[in-house]
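Hydrogens, waters and symmetry mates are skipped; everything else that's a heavy atom, side chains included, is used. Letters A, B, ... mirror the listed sequences (proteins, then strands); counts begin at 1.
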Amino acid sequence: MSRLSCASLSWHQALGSPLLVSALVIAVFATLVAARAIGALQLAEHLRDQAQLELLHLASEQSAAAALASGRAVVELDAGGGMCASANAMLADGRIAVRARAGQTTAHFNCSVLAGQTPESFGHPLVAAEDLGPIPTGWPKPWRVSRAELPQPAVAGRSDVQLAARHPMLARDGGIALLRLLAGTDAEDYVLGRAAAGSEPQAWRRGGVVTVDGNLWVDRGGPPLELDLEEDLTIVVNGNLYLGRSLLLSGPGRLTLVTLAGTRAAPSPIEGTGEVFVGLPGAGLLAELQCDATIVVGSSLYVSAHRIVLRGSLVLGSGATIAEGCRGELDCSGWSAPDLGRSALPGFASTGTPRAGRLRPGYDSLYLAAPSR
Amino acid sequence: MNPAAAERGATAALLLVCALCCLGVANWARDLDAANARRGEQLALFRELLREPHRAPPGPIAALDGLFVKRVVRREGPGGPVLDFATATGGEP
């Protein structure tokens, strides 16, 4: 009998043996079970580490809140089962620096001290004066407030206000109004950041308040304008606002666009008296315009886009007009409660009590001057 | 007794024991997977409530029981509601 015949006979005998087959099956089953058990144990370990990290965040938040009252605070948290975290916070020069530790992890956070919070109106998707007429059909039900309660910028007398004429992201353009409008405008025209094709979102490191003494344009054509805001920015426009294409944000900062009403003789695109144009007048209808900002309309809103998506609130001082043949759908979300409660919108008077702002990761120089514990 | 038969019997018994052990481990792994899933959901909720503590009910937060050994509670701090851990007696700190 040949060797091959012997081997095939052995395999045949093996596969015919119930015990051997059972052993093979159990071996495979055991391997799968062991792999699953190891995976579950690793995931449990990972979740424990994540819980420890959240404990560190909680200790940091508590210490920051306590430091606001006493200048310096140490918080130690014990969640049981060997999970502990501690945080040391220090208040100086309107900022709070936190050094926190949990297990083998050490982290630094910092935040500013806020005089209060963002006006509550900005938590509602749509805000309108109580004496304003009907809202366009299909729009969210507005939060009605008196005219005195409509959020108003408070920039008079501030030394930190930046002027559009000197701001690197605003370019004066004497010809844009003649190109885009039938009769041009009387006021100065400023264009917000010009994004080249394929370029990175333009980074504005510094937030704060910028005033535009004239009209502000987001010109039409090309990809959406992208801005990378590190901090909250409010642009106060003493004229009209023209949104010709989508405006998108990246980064943690929020953008608020405000137009001031009634600063010139009569409302008109030429005079520039606080109107907001979503879609440029006479340029046809846009399919959709997305704007990652809150818009406070001092005067009237004119809509030439079938759909508007706002990642913020829309505040109406006067009415809204939808262009003929335009659906004018509105999708706005307002800001979430934590964004209101732990932030102060630049350029607006804050409400409520002083508080610690939102903690952000980062080493603060406060600890460079402090003696080590 | 035939030695070969005894050997086969012992082998079969051993395989049966191995199979039962594997079954036990598989059940334990399934329970641990379920516990991990629950813990993952609780962690996500904890993160949300850490960001928005006003959304938590006042007092002990039952939905977070088991995430930590101690019970998570919502209490009022100087700047508004905050999360904390219950004391050993079960009350708020």
Side-chain angles (χ1 to χ4, degrees), chain A residues 17-20 22-23 25-48 50-55 57-62 64-66 68-70 75 77-83 114 117 336-339 341-342 352-356 358, chain B residues 7-12 14-55 64 66-72 75 77-88 93:
Chain A
S17 167
L19 281 179
L20 278 173
S22 300
V25 168
I26 289 171
V28 170
F29 182 54
T31 304
L32 292 174
V33 166
R36 184 176 177 188
I38 290 169
L41 282 171
Q42 288 176 336
L43 180 57
E45 183 73 21
H46 172 73
L47 288 171
R48 181 183 166 85
Q50 292 295 306
Q52 185 98 307
L53 201 59
E54 294 308 318
L55 199 61
H57 289 145
L58 177 58
S60 303
E61 294 281 353
Q62 289 192 6
L68 193 62
S70 57
V75 166
L77 288 179
D78 180 4
M83 294 183 68
L114 308 176
Q117 70 167 59
S336 64
D339 286 336
R342 297 286 296 276
T353 55
R355 62 202 62 206
R358 178 76 54 198
Chain B
E7 189 177 336
R8 281 198 295 272
T11 305
L14 190 60
L15 286 174
L16 184 61
V17 168
C18 287
L20 290 174
C21 288
C22 284
L23 205 58
V25 171
N27 282 337
W28 170 82
R30 184 193 59 196
D31 292 343
L32 184 56
D33 276 341
N36 284 341
R38 167 107 176 113
R39 204 162 191 215
E41 289 170 2
Q42 288 179 319
L43 253 182
L45 178 60
F46 187 81
R47 283 194 193 104
E48 278 183 35
L49 295 180
L50 191 57
R51 184 174 163 80
E52 301 179 68
H54 65 280
R55 286 181 52 206
L64 294 178
L67 179 60
F68 301 100
V69 172
K70 289 186 180 177
R71 207 169 196 192
V72 181
R75 64 174 175 82
V82 294
L83 299 183
D84 206 334
F85 292 100
T87 58

Quick check for you: among Arg30(B), Arg55(B), Arg71(B), Gln42(B), which has the greatest number of heavy-atom pairs under 4.5 Å with chain A? Arg30(B)
Please evaluate residues Met83(A) and Arg48(A) with respect to the criterion side chain to side chain contact (heavy atoms under 4.5 Å, CB included), reporting the C-alpha separation (whole Å), side-chain torsions for both, the decisive distance (0.1 Å), and the verdict. CA-CA 9 Å; Met83(A) 294 183 68; Arg48(A) 181 183 166 85; 3.6 Å; yes
Heaviest contributor of heavy-atom pairs below 4.5 Å to chain B, chosen from Gly81(A), Ala44(A), Gly82(A), Ala30(A), is Ala44(A)
Under the criterion salt bridge (charged side-chain N to carboxylate O under 4.0 Å, His left out), which of Arg39(B), Arg51(B), Arg47(B) is the partner of Glu54(A)? Arg47(B)
So which part of Leu77(A) gets closer than 4.5 Å to some heavy atom of chain B, the side chain, the backbone, both or neither? side chain
Taking the side chain as every heavy atom from C-beta outward, state whether Ile38(A) and Gln42(A) have any atom pair closer than 4.5 Å. yes
Do Leu83(B) and Glu61(A) touch side chain to side chain, with heavy atoms closer than 4.5 Å? no
With chain B, the option among Leu55(A), Leu68(A), Leu43(A) that has the most non-hydrogen atom pairs under 4.5 Å is Leu43(A)
So, the side chain of Asn36(B) versus the backbone of Ala40(A): is there a donor-acceptor pair under 3.5 Å, distance only? yes
Chain B contact via Leu41(A) - side chain, backbone, both or neither, heavy atoms under 4.5 Å: both
